J.: 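To start, I am sharing the structure in question, which I have written as structure tokens.
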Amino acid sequence: MSGAKRDFLSISLGFDDDQKEPRKRQSIWRVWKRLSSLQRSVICLIIVLGGLSALYILPAIHHGNRLSGEDAKANKERRQAVDKVAVNDKNGHEFFQDKIMGRENSNNNHQIQPPKEVPKRNKQEALQRVAKQQIDEYNKRLQRQRRPVKKPPPQLKQVVDRPPNGGGEEVGLLPPDEKQEILERDENGDIGKEDDNDKDDNVDGQLNQPEKAADPDFNVDQHAVPPYDYFHQEGKRTDRQEAVVDAFRFAWNAYKKYAWGHDEFHPITRTHSEWFGVGLTIVDSLDTLVILGLKPEYDDAREWVANELTFEKDKDVNLFEITIRVLGGLLATYHLTGDDLFKEKAVDLGNRLLPCFNSPSKVPFSDVNMMTSRAHAPRWGPDSSTSEVTTIQLEFRDLSRVTKDDKYENAVMTVSEHIHSLPKKDGLVPIFVNANTGSFRGTSTITFGARGDSYYEYLLKQWIQTGKTINMFKDDFMEAIDGVKKHLLRESSPSKLLYLGELLGSRTFSPKMDHLVCYLPGTMALGYKNGLPADHFDIAKRLTETCFQMYARMPTKLSPEIVYFSQAAQSKEDLIVKAPDAHNLLRPETVESLFYMYRFTGDKKYQDMGWTIFQAFLKHTKVENGGFSSIHNVKAAKATFRDKLESFFLAETLKYLYLLFGDDSSLIPLDKFVFNSEAHPLPIYSS
Ligand code: DMJ
């Protein structure tokens with residue numbers, strides 16, 4: 001150690017480092033004068049730094065407020081919860097904006113801070129403010145719904161064994177051409193607005209309920225599911241329904257013989273394949289077996305679920321597909337039968353899917369391993385499909401209502417809030433969204449076909465599922481339909497078929513329409529039936545006709561996967577089918593829309609259209625030795641098989657055909673159930 005340095009240290013400490021004895025104290029001033037200017041500067045610096053440190057540390061010590069790692073985490077979560085509370089404050093919208101823009105509140109003292117007013121900058125902020133208010137109301141209602149309620153009538157758990165009650169209270173069939181507006185409109189003609197006096201305290205009219213639920217396992221709104229004697233329909237079916245039952249049994253028996261317990265059946269080779277490894281065809285078909293009234297087949301399927309179905313599989317699954325097909329199938333079957341087996345399986349699956357939501361943006365990753373919980377983006381790129389991340393909400397919300405555990409609903413509501421807040425093109429969305437950034441890929445296509453379709457479907461259906469209490473969903477749906485009218489709707493030449501095109505790169509119109517789009521007329525009719533504008537129903541009727549023409553104008557009377565509509569004035573044929581698009585996968589969308597149109601109008605022409613399509617399925621897709629198969633080319637006089645029975649043929653196509661051909665609107669009444677995207681009926685709640 002150098003002499004100068006030793007001298008400085010010994011003086012500053014007040015000790016002689018040689019003798020370890022206190023020196024005779026000298027006056028501070030004399031010591032100071034003996035120091036070099038460097039020594040004085042260093043001392044000044046230390047004093048200043050020490051003072052600053054004391055200012056920061058002492059109050060924390062005083063309040064016992066030093067945070068451990070765990071405490072800090074807990075506090076962060078508390079702050080986030082506080083943010084949620086703050087959005088409920090009357091002026092709290094900008095605070096909410098901070099949350100959804102991913103910025104953290106830097107305030108560290110864990111006090112609820114009043115939100116700062118900031119200028120209104122753009123349309124997105126305005127949307128966010130409206131969303132926040134609606135979400136605020138929604139959260140309040142959700143809290144109220146969590147209150148225990150009294151036990152519903154016990155017979156409702158045994159719906160299958162009870163005699164039919166004449167059915168639900170669906171608001172009858174509309175006579176053709178009578179555009180009766182059937183649901184809530186106030187004096188101003190506004191739809192779905194609640195009376196302030198009603199909305200706060202009344203959960204299904206159950207005011208002042210006892211503190212404890214008599215049966216905590218029972219779904220709060222389960223009593224909304226009307227009983228129906230599903231397994232005693234013999235003698236009540238129409239001939240056409242009997243034909244659908246025969247077709248279902250024909251497919252089911254072949255699947256049972258050659259592919260039982262496997263995901264998918266290949267009827268030509270009589271083999272099978274796995275997708276998720278969960279007996280997909282069985283689980284996806286469960287509620288069809290109930291609705292068609294097939295008791296022995298249902299008993300077999302139930303037994304398989306009870307004894308064989310497990311989700312403990314080291315397998316990556318697609319969140320959207322397994323949600324709509326398997327989670328939706330289990331939940332619907334639980335609601336139709338009251339059998340807790342299906343609820344337990346649904347809960348197990350739901351828990352295994354939750355890791356998908358642990359993304360930086362909370363927009364879920366597309367895939368998750370059911371055993372390891374590892375969630376990730378799809379193998380083919382960084383983005384999730386917009387329709388996929390927005391077509392899980394009905395199921396996860398229902399799971400929360402069934403279990404009385406908010407976590408599932410909260411996870412998907414966060415996604416909906418986020419997507420709602422993003423800028424759109426007149427309500428229309430690009431088909432890709434990044435789970436890390438939470439942003440749309442702005443150059444991707446806008447379409448009501450693949451990867452876009454059911455985003456719009458679930459806007460309307462979530463509004464309906466929640467008793468028309470979350471106007472954000474209705475508003476977004478209405479805005480999207482305005483966007484459709486502005487950007488996507490055109491008439492073909494020469495027949496003036498109304499169709500829905502796409503915007504390539506979100507900008508350039510293409511006259512391409514996927515068969516998938518054909519769900520839209522049914523959904524728009526459902527919206528009209530629930531009080532949305534009459535012109536939605538006019539569009540729905542014309543689109544239904546177009547979708548039927550996609551079948552009727554093909555040599556096989558089956559629709560291709562994709563058509564292009566002719567724009568040229570001189571063209572002779574409206575529909576152009578390219579070779580790679582000419583296959584038919586046994587898809588349900590057109591017969592789904594026919595079902596809604598018939599339920600709402602009673603016009604038998606929709607049944608006849610469905611019958612034409614069903615006959616074509618029988619003629620060209622039925623496999624001699626059992627089952628049905630997708631086909632390669634609908635334009636060929638004699639179609640060739642692709643050798644695959646898609647599970648949605650049993651889950652959706654035959655179910656919608658069966659319902660279309662019946663006249664009993666109390667079988668799945670549409671004011672009590674809303675179908676998920678895979679035709680699994682889930683109950684409509686009152687909030
Ligand atoms: C089904 O799995 C669902 O209807 C989905 O939303 C779209 N595709 C198929 C049927 O075509």
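All of these numbers come straight from a predicted model, not from anything done at the bench. When a ligand or atom number is given, it counts from 1 through the structure's own listing order.
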J.: Check the orientation of F265 and Y255. Use parallel for under 30°, tilted for 30 to 60°, and perpendicular for over 60°.
T.: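 F265 and Y255: perpendicular rings.
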
J.: Report the residues that fulfil ring pair (Phe, Tyr, Trp, His ring centres under 6.0 Å) with Y455, sequence neighbours left out, ordered by chain and then residue number.
T.: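 Result, ring pair (Phe, Tyr, Trp, His ring centres under 6.0 Å) vs Y455: none returned.
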
J.: Answer yes or no: is there an ion pair linking D316 with R379, defined by an N-O contact shorter than 4.0 Å?
T.: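 Looking at R379 together with D316, the answer is yes, because their closest N to O distance falls below 4.0 Å.
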
J.: Please work out which of the three classes, parallel, tilted or perpendicular, describes the rings of F396 and F357, given edges at 30° and 60°.
T.: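 The rings of F357 and F396 stand perpendicular, inter-plane angle above 60°.
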
J.: Against heavy atoms of P588, which atoms of ligand 1 measure under 4.0 Å?
T.: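 Heavy-atom distances to P588 below 4.0 Å select 10 (C), 11 (O).
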
J.: Measuring from non-hydrogen atoms of E589 to any atom of ligand 1, is the shortest distance under 4.0 Å?
T.: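 Contact present.
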
J.: Ligand 1 and E678, any nitrogen or oxygen pair closer than 3.5 angstrom?
T.: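 Yes.
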
J.: N/O of E652 under 3.5 Å from N/O of ligand 1, yes or no?
T.: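 Among all N and O atoms of E652, at least one is under 3.5 Å from an N or O of ligand 1.
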
J.: Are the aromatic ring centres of W463 and F477 under 6.0 angstrom apart?
T.: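 No, the ring centres sit 6.0 Å or more apart.
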
J.: Please list the nearest protein heavy atom to atom 8 (N) of ligand 1 with its residue and the distance rounded to 0.1 Å.
T.: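 Nearest protein contact, heavy atoms only, for atom 8 (N) of ligand 1 is R587 NH1, 3.5 Å.
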
J.: Any N or O of E321 that comes nearer than 3.5 Å to an N or O of ligand 1?
T.: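 Checking ligand 1 against E321, no N or O pair falls under 3.5 Å apart.
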
J.: Between E457 and ligand 1, does any nitrogen or oxygen pair lie at a separation below 3.5 Å?
T.: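 It does not: no N or O of E457 is found under 3.5 Å from an N or O of ligand 1.
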
J.: Aromatic rings F248 and W252: how do their planes relate, parallel, tilted or perpendicular, breaks at 30° and 60°?
T.: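 Rings of F248 and W252: parallel, under 30°.
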
J.: Report the part of L516 in contact with ligand 1, treating N, CA, C, O as backbone and CB onward as side chain, heavy atoms under 4.0 Å; options are side chain, backbone, both, neither.
T.: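 For L516, the contact with ligand 1 is made by the side chain alone.
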
J.: Which one of V347, V402, L286 satisfies the side-chain contact (heavy atoms from CB on, under 4.5 Å) criterion with F342?
T.: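 Single side-chain contact (heavy atoms from CB on, under 4.5 Å) partner of F342 among V347, V402, L286: L286.
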
J.: Which bit of R325 is near ligand 1, meaning a heavy atom under 4.0 Å away: side chain, backbone, both or neither?
T.: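 Answer for R325: side chain.
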
J.: Among protein heavy atoms, which lies nearest atom 6 (O) of ligand 1, and at what distance?
T.: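 The closest heavy atom on the protein side is S677 OG, 2.6 Å.
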
